[in-house]
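Reading through the structure tokens given below for one structure.
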Amino acid sequence: LETLNILADKHKNVSEKYDELTNFVASNDGTNGMMKFSAENSYTFNVTNPAVVGKILLVVEKELAEALAKAEKEVLEFRI
């Protein structure tokens, strides 16, 4: 049962991130989005080019969709 709870939490977390991304994309008008990357050493890198931001968002959306599908499959196929 503990394993199922872990899998369910994983699915919930990925689903929440996918929803956040969906909301960000919906609110972005394609002309003024910005992405900020930061490393553990506090170095930051900003991207403000709308075309680049759009391409990054497509990659992130694809990866999150795949992770969400995998997490859902793990929960549905879990056997006690």
Side-chain angles (χ1 to χ4, degrees):
L1 190 58
E2 182 179 344
T3 303
L4 180 59
N5 287 335
I6 291 169
L7 293 173
D9 285 344
K10 179 174 143 181
H11 178 270
K12 179 179 175 265
N13 291 336
V14 174
S15 181
E16 287 173 354
K17 288 300 172 190
Y18 191 83
D19 290 344
E20 287 176 23
L21 176 64
T22 300
N23 291 336
F24 178 83
V25 170
S27 69
N28 185 7
D29 65 5
T31 61
N32 62 359
M34 182 185 85
M35 298 190 88
K36 181 177 183 177
F37 300 88
S38 60
E40 289 185 23
N41 64 1
S42 299
Y43 180 79
T44 61
F45 174 74
N46 296 318
V47 175
T48 57
N49 181 294
V52 174
V53 170
K55 288 178 182 181
I56 293 169
L57 288 173
L58 288 175
V59 171
V60 173
E61 182 178 19
K62 179 181 180 278
E63 293 296 321
L64 279 176
E66 290 174 4
L68 185 57
K70 180 181 176 191
E72 183 175 333
K73 182 179 179 184
E74 289 173 342
V75 170
L76 293 174
E77 293 180 352
F78 182 78
R79 301 281 183 243
I80 296 176

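Residues: numbered from 1 along the sequence shown.
- With hydrogens and angles ignored, the 3.5 Å screen pairs no side-chain donor or acceptor of Ser15 with any backbone N or O of His11.
- Residues Glu74 and Lys70 are in side-chain contact: their nearest non-hydrogen atoms beyond the backbone lie under 4.5 Å apart.
- Taking 4.5 Å as the limit, every side-chain heavy atom of Leu64 sits out of range of all side-chain heavy atoms of Glu61.
- Residues Val53 and Met35 come closest through the heavy atom pair CG1-CG, 3.9 Å.
- Residues Ile56 and Tyr43 share a single hydrophobic cluster, defined by chaining ILVMFWY side chains whose heavy atoms lie under 4.5 Å apart.
- By the criterion of side-chain heavy atoms lying less than 4.5 angstrom apart, applied directly or through intervening Ile, Leu, Val, Met, Phe, Trp or Tyr residues, Leu21 is grouped together with Phe37 in one hydrophobic cluster.
- Under the 4.5 Å side-chain contact rule for hydrophobic residues, Val75 and Tyr18 do not share a cluster.
- One distance of note links CG of Asn13 with CG of Leu68; it measures 11.5 Å at 0.5 Å rounding.
- Note on Phe24 and Val47: same hydrophobic cluster, where clusters join Ile, Leu, Val, Met, Phe, Trp and Tyr whose side-chain heavy atoms are under 4.5 Å apart, directly or indirectly.
- One distance of note links CG of Asn23 with CG of Asn28; it measures 12.5 Å at 0.5 Å rounding.
- Cluster membership for Leu7 and Val14, using ILVMFWY side-chain heavy atoms within less than 4.5 angstrom, is not shared.
- A distance of 6.0 Å separates CG in Asn46 from NZ in Lys36, rounded to the nearest 0.5 Å.
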